[in-house]
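I have placed the structure first, in the form of structure tokens, so that the comments after it can refer back to it.
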Number of protein chains: 2
Amino acid sequence: REMIISGVAADKNVARIAVFDVPDKPGIAQKLFVALAEANINVDMIVQSTMREEYNDISFTVSQDDLYKAVEVVEKVKSDIGAKGIAYDSDVAKVSIVGAGMITNPGVAGRMFAALAEAEINIHMISTSEIKISVIVKKDAAEKAMRALHSSFWLDQENRQEVS
Amino acid sequence: REMIISGVAADKNVARIAVFDVPDKPGIAQKLFVALAEANINVDMIVQSTMREEYNDISFTVSQDDLYKAVEVVEKVKSDIGAKGIAYDSDVAKVSIVGAGMITNPGVAGRMFAALAEAEINIHMISTSEIKISVIVKKDAAEKAMRALHSSFWLDQENRQEVS
Ligand SMILES: C[C@@H](O)[C@H](N)C(=O)O
Ligand SMILES: C[C@@H](O)[C@H](N)C(=O)O
């Protein structure tokens, strides 16, 4: 049950895209992500949270360089997947805490979110795995987020990994 | 750029909770997850996709045994975080493909979603990391999902990891 946070990482070469109100039925996620794959676009985070009245939203992130191409793909499949709207934003950064045994430790996520809240940083997207909790924040909040997480998790400077 | 899928896993001891229309401002995620941590509830997936008109939804999963306790916590903080509604569901399973280098391979997610769509399995939630793509599906679809993913990714029976 030991939790080990090995570091904090920030990636500013990120853009996010959201697809709104797609019918929540089989085949929709497939159409969208197969189309992106066929255009050779690397997708990093894929986040789909919860349905409302038979519709769902799907968000994902790509590198900033791929944003234009990705939006083109999404526009192409938009009617095919029945999306009511699209939004995208390159003014974002992905900030992550990386560790081991995160999931078995209830306090980690709350502590990460508390550190960001105290720094008055709004959390746009959240995605978790056993070894990583990633959030999307405004791009210019990335450094401030890193410092807040460092100090909250008592990480010294050597553990700091800034990706870009 | 090599993609290696090492296996498919299914976990049926899962329940999901969604919190709807919380104000999209700092401190909301903190309140919710600190409260869950203080009640000693292990949270597995946390998924927050995209804001709509200053509001956001947050979904997360817990073990089935913790659902009742988790819902109590969410009800307690509901007005504090300004949530307009709550939904929860224990009739779910988490199905994951596990590998290495997933993110650098555009085709993996699309192929996973295509396999599930072909098996007519609806995808409720999606969360990704470099080594894992997890979806939430209906509980009774778990085995069918496993078989579909096995056959789509050419995994023989030894690679199959059924968690519970
Ligand atoms: C919304 C989307 O994920 C849909 N439920 C699907 O299975 O493709
Ligand atoms: C919605 C919630 O994540 C909010 N944006 C927060 O930062 O806490």
Side-chain angles (χ1 to χ4, degrees), chain A residues 16 18 20 24-52 56-60 87 103-114 116-135, chain B residues 16 18 20 24-52 56-60 87 103-114 116-135:
Chain A
R16 68 176 186 95
F20 293 104
D24 190 29
K25 60 175 190 180
I28 301 298
Q30 163 190 4
K31 285 201 175 88
L32 175 59
F33 290 99
V34 167
L36 289 162
E38 284 172 347
N40 246 311
I41 294 166
N42 277 328
V43 171
D44 182 14
M45 289 166 78
I46 299 173
V47 177
Q48 174 180 310
S49 172
T50 186
M51 160 197 71
R52 289 165 160 261
N56 218 324
D57 302 331
I58 307 176
S59 297
F60 60 96
I103 295 302
T104 54
N105 192 306
V108 181
R111 189 163 160 188
M112 179 185 191
F113 303 154
L116 296 172
E118 248 158 276
E120 296 179 353
I121 295 169
N122 195 35
I123 300 165
H124 297 311
M125 286 169 68
I126 303 170
S127 185
T128 56
S129 75
E130 286 85 355
I131 57 168
K132 199 185 223 194
I133 300 178
S134 291
V135 298
Chain B
R16 69 176 186 95
F20 293 103
D24 191 29
K25 60 176 190 181
I28 301 298
Q30 165 191 2
K31 288 200 172 88
L32 175 59
F33 291 98
V34 167
L36 289 161
E38 285 172 347
N40 246 312
I41 295 166
N42 278 327
V43 171
D44 182 14
M45 290 165 78
I46 299 173
V47 177
Q48 175 181 309
S49 174
T50 185
M51 161 197 71
R52 289 166 162 261
N56 218 324
D57 302 330
I58 307 176
S59 297
F60 60 97
I103 295 303
T104 55
N105 192 307
V108 181
R111 189 164 161 188
M112 179 184 191
F113 303 154
L116 296 171
E118 248 159 276
E120 295 179 352
I121 295 169
N122 194 36
I123 300 165
H124 297 311
M125 285 168 69
I126 303 170
S127 186
T128 55
S129 75
E130 286 83 357
I131 58 166
K132 200 184 223 194
I133 300 177
S134 290
V135 297

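Letters go in sequence order (proteins before strands), and every chain restarts at 1. The shown structure was predicted, so the numbers you read here are calculated from the model rather than taken from an experiment. Computed from heavy atoms alone, side chains included, the values below leave out hydrogens, waters and symmetry copies.
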Requested in this report: Find the one option among Asp57(A), Val34(A), Val135(A) whose heavy-atom pairs under 4.5 Å with chain B are most numerous.
Outcome: Asp57(A)

Requested in this report: Would you mind checking which part of Ile41(B) comes under 4.5 Å of any heavy atom in chain A, side chain (CB onward), backbone (N, CA, C, O), both or neither?
Outcome: backbone

Query raised in the report: What's the verdict on side chain to side chain contact (heavy atoms under 4.5 Å, CB included) for Lys132(A) and Ser129(B), showing C-alpha distance, side-chain angles and the deciding distance?
Result: CA-CA 8 Å; Lys132(A) 199 185 223 194; Ser129(B) 75; 5.5 Å; no

**Report entry** Heavy-atom pairs under 4.5 Å with chain A, option from Ser59(B), Gly110(B), Ala35(B) with the top count
**Finding:** Ser59(B)

Query raised in the report: Would you say the side-chain atoms of Asn122(A) pair up with the backbone N or O of Asp24(B), donor to acceptor, closer than 3.5 Å?
Result: yes

Report summary line: Cut-off 4.5 Å, heavy atoms of chain A, and the answer for Phe20(B) is both

Query raised in the report: If you measure only the distance, is there a donor-acceptor pair under 3.5 Å linking the side chains of Ser127(A) and Ser134(A)?
Result: no

Query raised in the report: Would you find a donor on one side and an acceptor on the other, under 3.5 Å apart, between the side chain of Asn40(A) and the backbone of Pro106(B)?
Result: no

Report summary line: Most contact-rich option vs chain A, by heavy-atom pairs under 4.5 angstrom, among Met51(B), Met112(B), Lys25(B), Gln48(B), is Gln48(B)

Report summary line: Taking every heavy atom of Thr128(A) against every heavy atom of Met45(B), the minimum-distance pair comes out as OG1-CA, 3.4 Å

Query raised in the report: Where does Ile46(B) contact chain A at under 4.5 Å (heavy atoms): side chain, backbone, both or neither?
Result: both

Query raised in the report: Do you know which of Ala87(A), Ala119(A), Ala117(A), Gly27(A) has the most heavy-atom pairs with chain B at a distance under 4.5 angstrom?
Result: Ala117(A)

Query - Ile123(B) versus Ala29(A), closest heavy-atom pair with distance - result: CD1-CB, 4.1 Å

Report summary line: When the 4.5 angstrom heavy-atom criterion is applied to Asn56(A) and chain B, the contacting part is side chain

Query raised in the report: Looking at His124(B), Glu120(B), Arg52(B), which makes the most heavy-atom pairs under 4.5 Å with chain A?
Result: Arg52(B)

Report task. Check Leu36(A) against Val43(A) and note the closest heavy-atom contact, atom names and distance. Result -> CD1-CG2, 4.1 Å

